There are 2 protein chains.
Amino acid sequence: MIRIIIAEDQLLLRGALASLLSLEDDIEVVAEAKDGREALNLVKLHTPDVLVTDIEMPEFSGIQVAQSLKRNNSNTRVLIVTTFARSGYLQRARDAGVTGYILKDTSSDELSNAVRTVAQGGVVIAPELSQAAWAIPDPLNDREREILRLVESGKTNKQIGVILNLSSGTVRNYLASSTQKLGVSNRIEAFRAAREKGWL
Amino acid sequence: MIRIIIAEDQLLLRGALASLLSLEDDIEVVAEAKDGREALNLVKLHTPDVLVTDIEMPEFSGIQVAQSLKRNNSNTRVLIVTTFARSGYLQRARDAGVTGYILKDTSSDELSNAVRTVAQGGVVIAPELSQAAWAIPDPLNDREREILRLVESGKTNKQIGVILNLSSGTVRNYLASSTQKLGVSNRIEAFRAAREKGWL
DNA sequence: ATAATCACATGACATTTGTCATGAGGGCCA
DNA sequence: TGGCCCTCATGACAAATGTCATGTGATTAT
């Protein structure tokens, strides 16, 4: 019997997945979590075979949970089920030891099979990601990423300088570097491109 | 027997909802649609009692589908199931004759009950929306909204002027008006605020 | 018929953004 | 030890953004 925990902030999907996966003869849903913190706590408590988790959740993201489990040498394998085919997410997920990565545009049968494969130690990657994912490493350094996040929230270069204790000229240089790496022309295109790739 | 169609672009959720709602004695899922166009076609074909639909879908949004059904005097009632509690969405949904509006952070039991209520001619609005929703009318005019969409995609004022056949000075004036109405300081804050409210 | 409103425009000016060159200081590696 | 790289900085300049005043023509309301 494969014991799993489901982590998903939307109750409707979480409940539906729990119900459907419970119908499988060889899968047992031992707990459900609505955010990353709860997921971490429940995995520690129940030590399931697989954690089925979204990425974007309150408290901790699914990737952060995976990172924590890896750091603590947990035997629980992680299967990511997310909306977006973002290569940046997949790269970070791989680095965090995640062995399953599928999209929500998959069928529940495929989800069940993915749970089985991951439980047995196999690797499952959504076909849509198999190529694009491994091609482009994240070109941004940490400072550039941090600045792009602040740009995304609408901050001016001056404000970013104050927040990060940098001069606004330095912020402009970092932004220029980012936009060049991303192949775009302005700050809006820059954070959008980074966000779409999962690099933000 | 309440006959329904489910429209949702994510296969996992669509399949899960179809399975769960089919388990109810008094609800029959007669078809499933993966985008707005398919939803419209299937409603015309099957004339279900209720269309259960997401808002953000390829082809047409759930609201556009509702608008079309209203325009064609359809007897099919519309129940929106969406992720975001955005007042702008709810306002447009109401105008389109939608009688159910719940969030994906609801349980499947609540969803089933909402389907029943809407089928009987009742109105179901998510509690989270009951207050905030009706307070603030959309302050943007059509031109401002159109310009904010282009800003959101990273276009410069000059580019927007070319696209909309306006002078860049006019574009700047419209943007200034938008940012003032939204109570923000720059273009990025402006489209984000409008997007979050569902006015974009 | 007239006044008010709306959509769009022009113009001027201050501020911000973006580009690019150049440089300092510290850490790392051969 | 010296070269290279990274992080951060300064400076100059062009272009874009944002603010604000003012105006035109069409439409609408009185």
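These figures come from a predicted structure and were not determined experimentally. Each chain gets a letter, A, B and so on, in the order the sequences are listed, and its residues count up from 1.
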If you round to the nearest 0.5 Å, how far is CG of B:Leu11 from CD of B:Glu32?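 Reported value, rounded in 0.5 Å steps: 8.0 Å.
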
Under 4.0 Å: is that the gap between some side-chain N or O of [X] and OP1 or OP2 of [N]?
X        : N      : answer
B:Thr170 : C:dA9  : yes
A:Lys158 : C:dT15 : no
B:Arg172 : D:dA16 : no

To the nearest Å, how far apart are [X] [atom1] and [N] [atom2]?
X        : N      : atom1 : atom2 : value
B:Asp142 : C:dC8  : CG    : P     : 10 Å
B:Gln180 : D:dA21 : CD    : C1'   : 14 Å
B:Ile160 : C:dA9  : CD1   : P     : 13 Å
B:Lys155 : D:dA16 : NZ    : P     : 15 Å
B:Leu148 : D:dT17 : CG    : P     : 14 Å
A:Asn141 : D:dC6  : CG    : C1'   : 9 Å
B:Ile188 : C:dT16 : CD1   : P     : 14 Å
A:Glu144 : D:dC6  : CD    : C1'   : 11 Å

Candidate nucleotides [options], ranked by approach to the side chain of [X] - the nearest:
X        : options                : answer
A:Tyr174 : D:dT19, D:dT7, D:dT10  : D:dT7
B:Asn186 : D:dG18, C:dT16, C:dT19 : D:dG18
A:Ser167 : C:dG18, D:dC8, D:dA9   : D:dA9
A:Asn157 : D:dG18, D:dC8, C:dT17  : C:dT17

Report yes or no: is there a donor-acceptor pair, N or O only, under 3.5 Å between the side chain of B:Asn173 and the base of D:dT22? no

Geometric cation-pi criterion B:Arg86 and B:Phe84, 6.0 Å radius, 45° cone: yes

What is the nucleic acid contact for A:Thr179, judged by heavy atoms within less than 4.0 Å: base, sugar-phosphate only, or nothing? sugar-phosphate

Need one value for A:Thr156: base, sugar-phosphate or nothing, where a base atom within 4.0 Å counts as base even if backbone is also close, heavy atoms only.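 Sugar-phosphate contact only.
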
Trace of the side-chain contact (heavy atoms from CB on, under 4.5 Å) decision for B:Leu164 with B:Arg143: CA-CA 9 Å; B:Leu164 298 182; B:Arg143 226 21 161 175; 4.0 Å; yes

Does B:Gly169 or A:Arg187 map to a spot on DNA chain C nearer the 5' end, using the closest nucleotide for each?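 The 5'-side residue here is B:Gly169.
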
Judged by modelled atom types alone, do A:Ser167 and A:Thr170 share a side-chain donor-acceptor pair under 3.5 Å?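 Short answer, yes.
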
Least distance between heavy atoms, B:Val118 atom then B:Arg77 atom: O-CD, 2.8 Å

